[in-house]
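All remarks here apply to the structure that follows.
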Amino acid sequence: MSDSETGFGKGCHLHLIDGSAYIFRAYHALPPLSRKSDGLPVGAVAGFCNMLWRYLGENGSSADAPTHAAVIFDYSSKTFRNEIYDLYKANRPAPPEDLRPQFPLTRDASRAFNLATIEIEDFEADDIIATLARQAREAGGRVTIISSDKDLMQLVGGGVEMLEPMKNKVIGVEDVREKFGVGPERVVDVQALAGDSVDNVPGAPGIGIKTAALLINEYGDLETLLDRAGEIKQPKRRAALLDNAELIRISKRLVQLDDQTPLEVTLEDLEVRAPDAQALLGFLNDMEFRTLTRRVADHFGTTPPALPATPAAPARNAVPGEDPAPLEQPDFAAAEYVCIRDLDTLKDWITRIEDRGYVAVDTETTSLDEMRAELVGISLCIDAGTAAYIPMTHRAGGGDLFGATELVEGQLPLNQVLSLLKPVLEDAAILKIGQNMKYDAKIFANLGISVAPIDDTMLMSYALHGGLHGHGMDALSDRYLNHQPVAIKSLLGSGKSAITFDRVGIDDATRYAAEDADITLRLWELFKPRLHTAQVTRVYETLERPLVRVLAQMERHGIKVDRDVLSRMSNAFAQKMAGLEAEIHELAGESFNVGSPKQLGEILFDKMSLAGGKKGKTGAYATGADILEDLAAEGHDLPARVLDWRQLSKLKSTYTDALQDHIHPDTGRVHTSYVITGAVTGRLASTDPNLQNIPIRSEEGRRIRTAFVAEKGKKLVALDYSQIELRILAHIADIDSLKAAFRAGQDIHAMTASEMFGVPLEEMTPEIRRQAKAINFGVIYGISGFGLARNLRIPRADAQGFIDRYFERFPGIRAYMDATVEFAKTHGHVETLFGRRIHTPEINTKGPGAGFAKRAAINAPIQGTAADIIRRAMIRLPQVIEDLPAKMLLQVHDELVFEVAEDAVETVTERVRAVMEAAAEPVLRLDVPLVVDAGVGDTWAEAH
DNA sequence: TGCGTCACG
DNA sequence: GACGTACGTGACGCAC
């Protein structure tokens, strides 16, 4: 949630540090060094950290200090240049054995120093530097590239200079001219001709930098030179150019830096941040760098953390959150919370917030439904134990029958408070910290305040502890702060007699509300550095935090629902149900509650003595759809009628009736709420109402979707990923035949059937295809013979036979499953392709739970990667359709629904499709294409 | 409040 | 070799 008001521009100074060059230099400059406790090689990391510390020391105080900075790394040694020329950098020796494990640690180091850290698959650090330098230059800022790599010299000029880090020497246009004999803009031409033996750039044989510069200066540029090479007098040079023109052109493409690299970050994101003492010291301490740790601790005026007595567990294996809370925080009991009742006190707090640069914020309202909630008060916290509550619209507690609406005395007026706080809440230089910020942001948005930038402790916990426990504030406070907050129930009561927050006394409200802000701030202080050590900063920053704004907007917009359609359907369902109920009672010979599984079971299995009665653990007969279907198939009418009745009952109570209650009186639309932390895999959950389970599979239920409509003059557009999880499986498990089938756009289930049963595609029957489809799904879920047998209703031995044959045909799948379970057992978590961690605390349990945990571990990376991909698309989309009359309304796991003005439907569809299909890039290049299907209509039923 | 049931991907 | 099982959700009504 960066803000354009802090945009990078004139007067800004960007430092770009060539991280990879730093590492190699550090490695070669220092004797081998390994960590005492476990022998991990850390010499290069140590040198790297020393350099960064020195760098910060030199630049922090200088008059020419950078306003923005980033450390750039090579993602891997393979880049797009290898596709241009496969021998590029081919004679580079592989990095030494003891250096390789240090690469990820240097990333951690640069993050621990709170420096923006960038690397992109397929691109060299130099390309990223070129791109950022171009952006900064275009924005009117200055750039210093900290590197001595001559390949970067082409970027010098127009406000861009280089700094040789060892000699601390500035390299400007004149220095470039001295080295290459041409200005920076012709450096690539010279390099293309001269080649480079280190990087294996071929160039023209027999031509070095001197000659190359001579030729370029004479002919102007490389293309002209190659066109007119025949005019060259020296026969050797002439031949070298004429014979190798193509190779020279390739060479130019190799040395020419790509300044259009796709970036996840903007210049604003690179704003210089002071290192967080706790995070930095934590990292240095983990690395066991005694001297540097002490030096840094001295600088911050804190004592260095004690080195662990026992060998330190590597940070990456540590279970986050198991560490005890820091001891130095003030006691909650001692905390004195302030109630802000006058302007001077409020202004004083605002000044303190501005000095701090961050503040924990919490809103108290009359409802959990943000669309109907009224703001009652705001709490703030700037330091553990230092919190305040601003009551604004508390009302007399008793109230009369007509709802006494007298405001309690001694409160600042809402409008006055908001006009003072709005600049703070919208100030790009002040971080607003919340627990479940989507809620508060929506409350403020209702009042015309757009809160940014934000941090969210709930989302931090989700990134850190997904799969371990819930992320509600009470649970987090109890677990990580060892403190049980005031229960809201103790203030509001529960059930019918519950009151709203505006009826709570101001003293009680202050204790409760200020404490919430206090807890939030303490959690933030605890979690923020742990994001780095647990290596989930990227997940939090790119997949969680940006979603808050996007979802808040979707929820506030809502989708139009036609009440009349629902109401008519409800009536029709009621009539049919009444008829069925009479029939059922008739068949049973007595009247009973059809909706009671208990009573139904007794009728079926006791009174009518039908076979197949099985009691569950509660002693009641099971009467699920599968059991009733079996009975119906045997020719029994009663269970068949009950099935029909149940379907209607479900549709009526959950959809046609309940949905009407969710239509907002003012907007005429339904506003769901998405829970970002709702599913452990990274999927969203939709609540109040759940719009992710609107019927579609049955014809009857599908009609409910006709009630979801577009505004007049607009259309609903639905786009969904085709087979995304199977595609991800094909990629992750690296199954060539599956990947090839997806690339060829084949029917994947038919192809699986053909492979398994040896039936040629032309002779495929729907039945065989259906079975293969069930197997494909089963695989994603961690297949078992029992489960497949039940799903296909075939003997278990047959199902097991299918599975055996499947694994025989696709051995990679079995390998993936085994490897994933193994990974979970050693690490305690599994990961998606984007680094999201899903903890698997049950994976080592024995007994019945073991199968569950294994299947969940197998499924999580697949389902989670798909969830990450659509999150990435959703985060990008608002900017992409910003200029069009279109709004994103809903997400249903692999589907997005938009409301679009009729004449923009085509443009929007194609733009959204492009974003969705490319959503994995550039972080991840899948071996299979992602395909998005689109539909348009006046209703959701038509659009799908 | 827990369970059974069933709607979705 | 037995355990009991397809993965991930939320909402409803019943029974306690």
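In what follows, chains carry the letters A, B, and so on, assigned in the order in which the sequence lines appear, proteins first and then strands, with residues in each chain numbered from 1.
Donor-acceptor pairing under 3.5 Å is recorded for the side chains of A:D478 and A:Q484. Residues A:Y462 and A:D456 bring no donor and acceptor atom of their side chains to less than 3.5 Å of each other. Judged by distance alone, the side chains of A:S698 and A:Q647 do bring a donor and an acceptor atom under 3.5 Å apart. Counting only N and O atoms by type, the side chains of A:D688 and A:H662 include no donor and acceptor under 3.5 Å apart. In this structure, a donor-acceptor pair under 3.5 Å is absent between the side chains of A:Q692 and A:S686. Side chains of A:H944 and A:E942: no donor on one and acceptor on the other come within 3.5 Å.
Between the CG atom of A:L890 and the C1' atom of B:dG9 there is a distance of 14 Å, rounded to whole Å. In this structure, CG of A:D626 is placed 12 Å from C1' of B:dG4, rounded to the nearest angstrom. Distance A:I728 CD1 to C:dG8 C1': 14 Å, rounded to the nearest Å. Between the CE atom of A:M577 and the C1' atom of C:dG13 there is a distance of 11 Å, given to the nearest Å. Per the geometry, CZ belonging to A:F592 stands 15 Å off C1' belonging to C:dG13, to the nearest Å. Counting to the nearest Å, the P atom of C:dT9 and the CD atom of A:Q863 are 7 Å from each other. The nearest whole Å value for the distance from the CG atom in A:N593 to the P atom in B:dG4 is 17 Å. If you take NZ of A:K650 and P of B:dG4, they are 15 Å apart, rounded to a whole angstrom.
A:A625 comes within contact range of the sugar-phosphate backbone alone, with a heavy-atom separation under 4.0 Å but no base atom that close. Note on A:R702: nothing from the nucleic acid sits closer than 4.0 angstrom, heavy atoms only. A:F786 comes within 4.0 angstrom of a base, heavy atoms only. The residue A:G624 sits close only to the backbone: its heavy atoms come under 4.0 Å of sugar-phosphate atoms, none of a base. Using a 4.0 Å heavy-atom criterion, one finds that A:L651 contacts no nucleic acid atom at all. If you check every strand for non-hydrogen atoms under 4.0 Å, A:N791 touches a base. Residue A:G595 is classed as a sugar-phosphate contact, given heavy-atom separations below 4.0 Å to backbone atoms only. In this structure, A:I858 reaches neither bases nor backbone, as no heavy-atom distance under 4.0 Å exists between it and the strands shown. Across all strands, A:A658 comes closer than 4.0 Å only to sugar-phosphate atoms, never to a base (heavy-atom distances). A:A774 comes within contact range of at least one nucleobase, with a heavy-atom separation under 4.0 Å. Across all strands, A:T623 comes closer than 4.0 Å only to sugar-phosphate atoms, never to a base (heavy-atom distances). Across all strands, A:I780 comes closer than 4.0 Å to no nucleic acid atom at all (heavy-atom distances). Residue A:Q599 is in sugar-phosphate contact alone, with no base atom involved, counting any heavy-atom pair closer than 4.0 Å across all strands shown.
With a 6.0 Å cutoff to the six-membered ring centre and a 45° limit on the axis angle, A:R855 counts as a cation-pi contact of A:F852.
In terms of heavy atoms, A:I735 sits closest to A:I813 at CD1-N, 3.5 Å.
An OP1 or OP2 oxygen of B:dT5 is reached within less than 4.0 angstrom by no side-chain nitrogen or oxygen of A:Q647. OP1 or OP2 of B:dA7 has not a single side-chain nitrogen or oxygen of A:R697 nearer than 4.0 Å.
Picking from C:dA6, B:dA7, C:dC14 the nucleotide with the shortest atom distance to the side chain of A:P695 gives B:dA7. Proximity note for A:P597 (side chain, C-beta onward) versus B:dG4, B:dC8, C:dC16: the nearest is B:dG4.
Other residues, nucleotides and ligands place no more than 12 heavy atoms under 6.0 Å from the CD atom of A:Q575. Applying the 6.0 Å contact sphere to CZ of A:R703 captures no more than 12 heavy atoms from other residues, nucleotides or ligands.
Atom P of B:dG4 sits at a distance of 11 Å from the matching atom of C:dT5, rounded to the whole Å. The P atoms of B:dT5 and C:dA6 are separated by 13 Å, rounded to the nearest whole Å.
Aromatic ring orientation, A:H469 versus A:H465: tilted (interplanar angle from 30° to 60°).
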Strand DNA chain C as a dot-bracket string - pairs counted if Watson-Crick or G-U with both distances under 3.5 Å, | where the partner lies in another strand: ......|||||||||.

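At a threshold of 4.0 Å, the pair A:R837-A:E831 counts as salt-bridged, since one of the basic side-chain nitrogens sits closer than that to a carboxylate oxygen.
For the segment residues 678-693 of chain A, residues with any heavy atom less than 4.0 angstrom from an atom of DNA chain B are, sorted by number, A:R683, A:Q692, A:N693.
Evaluation of atom-type donor-acceptor distances gives no pair under 3.5 Å for the side chain of A:R646 against the base of B:dG4.
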